[in-house]
Trainee: 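Sending over a structure as structure tokens; questions will come in a sec.
It should be emphasised that the depicted structure is a prediction, and the values quoted were computed from it without experimental measurement. We count ligands from 1, going down the list as the structure has it; atoms in each ligand are counted the same way. Side chains included, hydrogens not; waters and symmetry mates left out as well; all remaining heavy atoms used.
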Amino acid sequence: MKPIRKIVIPVAGHGTRVLPATKSTPKEMLPVVDRPLIHYVVEEALEAGIEHIVFVTGRGKGALEDYFDHAFELEAGLEAKGKTEILEDVRQPIMTPGSLSYTRQQSPAGLGHAIWCAREIIGDEPFAISLPDVIIRGKPGCLREMVDHYNKCQGNIIAVEEVPREEVNKYGIIAPKSTDEALMEMTGMVEKPSVEDAPSNFSITGRYILQPEIFSLLEKTERGAGNEIQLTDAMAALMTQQPFFACTFSGESHDCGSKIGWLKANLAFATDRPEFVQELQSYVGELF
Ligand code: G1P
């Protein structure tokens, strides 16, 4: 069995749903409490044992590369002033040299196309994908739980969660065979179905473990929902060839690609920080 060593994180999107905040800042750099979204996503990947991160990036995303690199002047300044705690925080996202790769998606042709852009770096091994709009609160992280499932059953695994019926048209939706098991088998999946046509209300959350055969299927995938090459369509094809499971997870997902989702995430993640809880609670009480 080949272990899950690499992850693809597509970061080329424009963040249209949170404009104007993302006009000149990559959406992945929007802060939740005191660190950018991408920090939480990378932390979750490292907790799951991932060793190599592949960012599929685009124009204007340089701040992301800088975030995962040393900032010598800043670090030297903090060191000279003895601000060791802040210095530790500033150095925390820096990974071993060579364990990050960047490749560009040169045209906005959809999530499926973004993942396909990473094919050469991933090579012939199973890998994970995390969509950075979604951050997940709670330990163990969603990817850790998925890797644990993978180590028992192999194949392909996607994380799913129930969403209100009227919101199914915002997501990839699965058709589960039965919803009793921790690992659900499926008869199909569809990207952004209408409320009437949705096969269930289990949405694809943005965490995936896939076999490398997905790349040849992506190569053949025609444009689908939104006139984009959809990962969901290629996965639906892969499902007819290999074992494929959906799993729920114990954490709480936050869609920070939407304004309300991002606002709620800030409150939820702040409650995990003892230094903010009391003041925040009384302030929110005063406001509402
Ligand atoms: C993408 C996927 C979709 C998934 C969603 C989760 O859609 O295509 O299947 O349910 O992420 O956030 P997007 O939000 O990029 O339109």
Trainee: Could you pull out, from Val190, Ile204, Ile174, Val160, the option with a heavy atom nearest to atom 10 (O) of ligand 1?
Mentor: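 Of the listed residues, Ile204 has the closest heavy atom.
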Trainee: So, regarding Gly206 and ligand 1 (criterion: nitrogen or oxygen to nitrogen or oxygen, under 3.5 Å), is there a contact or not?
Mentor: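 Among all N and O atoms of Gly206, none is under 3.5 Å from an N or O of ligand 1.
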Trainee: Is atom 13 (P) of ligand 1 near the protein, in the sense that some protein heavy atom lies at less than 4.0 Å from it?
Mentor: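 True for atom 13 (P) of ligand 1.
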Trainee: Would you sort out whether Trp116 and Ile229 count as a side-chain contact (heavy atoms from CB on, under 4.5 Å), showing the intermediate values?
Mentor: CA-CA 10 Å; Trp116 177 78; Ile229 298 169; over 6 Å; no
Trainee: Determine, using ring centers only, whether Tyr40 and Phe269 are less than 6.0 Å apart.
Mentor: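 Phe269 vs Tyr40: aromatic centres under 6.0 Å.
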Trainee: Tell me whether the centres of the aromatic rings in Phe245 and Tyr150 are closer together than 6.0 Å.
Mentor: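 Not close enough - the centres of the two rings lie 6.0 Å or further apart.
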Trainee: Check this for me, if you would: do Glu125 and Arg5 make a salt bridge, where the nitrogen-to-carboxylate-oxygen distance has to be below 4.0 angstrom?
Mentor: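 Salt bridge: yes.
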Trainee: As an exercise, identify every atom of ligand 1 less than 4.0 angstrom from a heavy atom of Lys192.
Mentor: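 Listed by number with element: 7 (O), 13 (P), 16 (O).
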Trainee: Relative to the ring of Tyr102, is the ring of Phe55 parallel (under 30°), tilted (30 to 60°) or perpendicular (over 60°)?
Mentor: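 Ring orientation, 0 to 90° scale: parallel.
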Trainee: In terms of side-chain heavy atoms, does Asp197 have a donor or acceptor partner in Ser194 at a distance below 3.5 Å?
Mentor: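 Judged by distance alone, the side chains do pair up.
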Trainee: What I want to know is whether Lys170 and ligand 1 share at least one N or O pair that is separated by under 3.5 angstrom.
Mentor: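 Between Lys170 and ligand 1 (N or O atoms, distance only) the closest approach is not under 3.5 Å.
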Trainee: Check whether any N or O atom of Glu191, backbone or side chain, sits under 3.5 Å from an N or O atom of ligand 1, and answer yes or no.
Mentor: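 Yes; at least one N/O pair falls below 3.5 Å.
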Trainee: Would Thr232 count as a contact residue for ligand 1, given that I'm defining contact as a non-hydrogen atom of the residue lying under 4.0 Å from a ligand atom?
Mentor: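 It does; at least one heavy atom falls under 4.0 Å.
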Trainee: Would Val134 count as a contact of ligand 1 if the rule is a heavy atom under 4.0 Å away?
Mentor: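 Yes; Val134 lies near enough to ligand 1 that a heavy-atom distance drops under 4.0 Å.
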Trainee: Run the contact test for Leu111 against ligand 1 with a 4.0 Å cut-off on heavy atoms, strictly below, and give the result.
Mentor: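 Flag set, Leu111 near ligand 1.
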Trainee: Hey, which atoms in ligand 1 end up nearer than 4.0 Å to a heavy atom of Tyr171?
Mentor: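 Close to Tyr171: 10 (O).
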Trainee: So, regarding Leu131 and ligand 1 (criterion: nitrogen or oxygen to nitrogen or oxygen, under 3.5 Å), is there a contact or not?
Mentor: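 Such a contact does not occur with ligand 1.
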Trainee: Measuring only between side-chain heavy atoms, which start at C-beta, is Ser253 closer than 4.5 Å to Glu161?
Mentor: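 The answer is yes; the side chains approach within 4.5 Å.
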